[in-house]
Amino acid sequence: MTSTQPTTEPAAPSLTMTAAFEGIEGSYSHAVLDAYAARRGVRFAPLGCSSYRAVAHAVLAGRADLGLLPVDNAIAGTIREGYDALAEYELDLLAEITWRMDHRLLGLPGATLAGLREIDSHPVVLAECGRFLGTLADVRRVPVPDTGVAARDVAAAGDLSRGAIASSDAARRYGLIELADTIADHPDNFTRFILFRAPNARGPAAEFEPAEDFANRKTSLLFSVADAPGALGRCLSILGEHGLNVSKLDSKARLGSSAQWSFYADVDGDARDPRFADALRALREATVALHVVGTYDESSAPPRPRREPAIVVDDAPPAVPKAAVKHPKAQRHDENVRSRVMVGDVAVGDGHFVVIGGPCSVESREQILATAQAVLEAGGVMLRGGAFKPRTSPYAFQGLGWEGVALLAEASRATGLPIVSEVMSIEQVERMAASVDLLQIGARNMQNFDLLKAVGKTDRPILLKRGMSATIDEVLSSAEYILSEGNPNVILCERGIRTFENSTRNTLDLSAVPVLRERTHLPVIVDPSHGVGVRRWIAPLCRAAKAVGAHGLLLEVHPNPAEAKCDADQALTFGDFKRIMAELASVPSFAEIHAT
Ligand code: PEP
Ligand code: MN
């Protein structure tokens with residue numbers, strides 16, 4: 001069985017085989033082959049090829065004993081060219097290798113991040129680093145055949161304004177330096193590769209014999225069905241009825257056949273297993289085309305960080321009285337339907353109580369990375385942090401701007417937490433939307449109608465904070481601005497309003513929660529940090545917010561509140577945040593209270 005990067009001592013190489021891969025030395029495929037060879041105690045002589053099909057050709061023509069092709073990436077999805085090459089030729093698939101793609105931004109010695117104007121890499125790799133690249137202004141992304149080529153060409157050009165995204169191995173090989181690491185959109189950036197040989201291979205490749213039992217085997221299929229209701233469902237039922245688990249399914253139009261769809265499917269099991277063979281017979285009847293691409297050893301599953309929302313709330317809907325249609329899109333039409341807004345892979349409003357934590361403003365790399373880790377470990381599901389800050393005084397800290405956005409994006413890539421940050425002007429919207437998962441409209445901009453229209457045109461979800469003197473009606477009208485531009489993903493946030501009371505920073509209007517729950521289908525979260533403005537009063541209001549029916553919380557957390565550049569009095573320590581998360585677990589949910 002193959003696995004991720006080897007951790008054991010390599011055995012002394014005994015046997016040399018030629019292994020074909022796409023790209024040149026220093027590409028990821030090359031690194032994967034090297035690591036795999038070390039693990040098996042063999043030596044691979046690398047044979048770089050100019051295309052995926054050329055890799056298959058080299059193996060079939062006997063120029064290589066083995067070939068390696070990538071088939072999918074956790075961020076960019078199916079690498080169809082890889083699957084298609086495996087499906088097109090008669091090949092004997094051997095093993096799946098799952099590899100963590102640890103991308104680095106490389107440049108010549110002396111190059112700086114700010115000085116880069118062009119970044120070369122494989123197009124899939126550029127896509128995997130989209131959020132990081134979105135934080136760099138005026139940088140052209142240039143697709144090249146592979147990451148080895150990107151590194152080699154940047155080294156050869158001798159131009160300090162050119163960078164490459166490739167591995168550390170490529171940096172060493174071509175004499176480049178690392179300008180940034182952890183630049184993939186998500187830390188779980190794995191690519192699956194398939195190792196194969198020619199059918200009936202002799203010579204050294206013959207030593208790769210599959211185990212006789214069918215454990216830890218996987219089979220890739222390519223099948224087509226008519227474009228008709230239930231056609232795909234029947235295929236999946238057949239597999240399910242035979243006890244076969246489908247671990248991947250991806251569709252594409254079947255080229256040349258307008259009324260059919262093709263599917264790439266990976267199924268746990270071995271096609272030689274009689275149970276599997278039975279399923280394939282039934283599947284042949286249910287499909288218009290079925291191709292068994294091959295069976296191979298499956299790799300062990302990559303580790304996944306814990307990403308469960310902290311606390312589950314059973315969200316029972318209260319009754320809705322009839323009201324005039326003033327907010328046609330924001331208004332709750334059906335008492336049983338409540339909107340769920342997806343922020344990255346976090347659902348807000350689906351009955352899970354979610355907690356977003358982070359500093360008022362991003363102040364430094366260390367500050368935001370440490371906070372992101374603390375938020376993740378305590379059970380927070382999203383990271384907040386202001387990069388552009390609406391400050392009452394022009395002399396107060398205004399935020400790190402785009403540098404802050406880049407740091408937030410880095411923290412997100414390191415932890416997997418989606419990020420929320422405030423967008424203050426129309427000019428910032430497009431660039432912020434490239435990197436930030438949830439765009440915040442701050443209290444002071446709740447009625448900046450042009451800004452609302454601009455964020456309504458993006459495809460990012462919006463966190464709309466209540467203006468400090470806004471009525472609930474006005475909050476809903478502002479939401480309506482965003483919704484009416486075609487963006488259905490709006491989360492409302494109660495953050496306190498101005499009243500005559502001056503013992504607290506604002507007056508947290510918790511009564512807005514049940515009122516909003518009744519009047520709108522949109523999720524409602526509460527920000528007690530700005531609501532009360534004093535650290536020690538935040539915890540009881542968190543508990544109250546959960547009990548009163550909020551869908552989540554927005555909390556300010558800082559590694560060292562005394563030194564916070566903004567809103568120091570209300571910043572929670574990591575310990576405070578952890579305690580609040582623990583306390584919330586024992587607060588009865590809204591639904592439980594509602595039922596009694
Ligand atoms: C914030 O959340 O950083 C913020 C400035 O909040 P508000 O707009 O509610 O004052
Ligand atoms: Mn703040």
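Only this structure's heavy atoms are used, side chains among them; waters, hydrogens and symmetry mates stay out. Start at 1 and go down the list; that is how both ligands and their atoms are numbered. Everything quoted here is computed from the prediction, not taken from an experiment.
- Heavy-atom proximity to Arg495, at under 4.0 Å, picks out these atoms of ligand 1: 7 (P), 9 (O), 10 (O).
- Under the side chain to side chain contact (heavy atoms under 4.5 Å, CB included) rule, Ile356 has a single partner from Val346, Leu417, Ile525, which is Ile525.
- Looking at Glu422, Arg391, Arg466 and measuring to atom 5 (C) of ligand 1, the nearest heavy atom belongs to Glu422.
- Considering Val420, Leu400, Ile419 in turn, Ile419 is the only one that fulfils the side chain to side chain contact (heavy atoms under 4.5 Å, CB included) rule with Leu408.
- Atoms CH2 and CG, on Trp402 and Leu407 in that order, are 13.5 Å from each other to the nearest 0.5 Å.
- Only protein N, O or S atoms were considered, and those under 2.8 Å from the Mn ion (ligand 2) are Cys360 SG, His530 NE2, Glu556 OE2, Asp567 OD2.
- Close N/O approach between Ala443 and ligand 1 is found [any backbone or side-chain N/O within under 3.5 Å].
- For His327 and Tyr481, the ring centers are positioned 6.0 Å apart or more.
- In plain terms, the two heavy atoms of Trp537 and Ser503 that are nearest each other are CZ3-O, 3.7 Å.
- An N or O contact shorter than 3.5 Å links Arg384 to ligand 1 by distance.
- Side-chain contact between His558 and Leu572: absent, with no pair of heavy atoms (C-beta onward) separated by less than 4.5 Å.
- For ligand 1, one of its N or O atoms has an N or O atom of Gln440 under 3.5 Å away.
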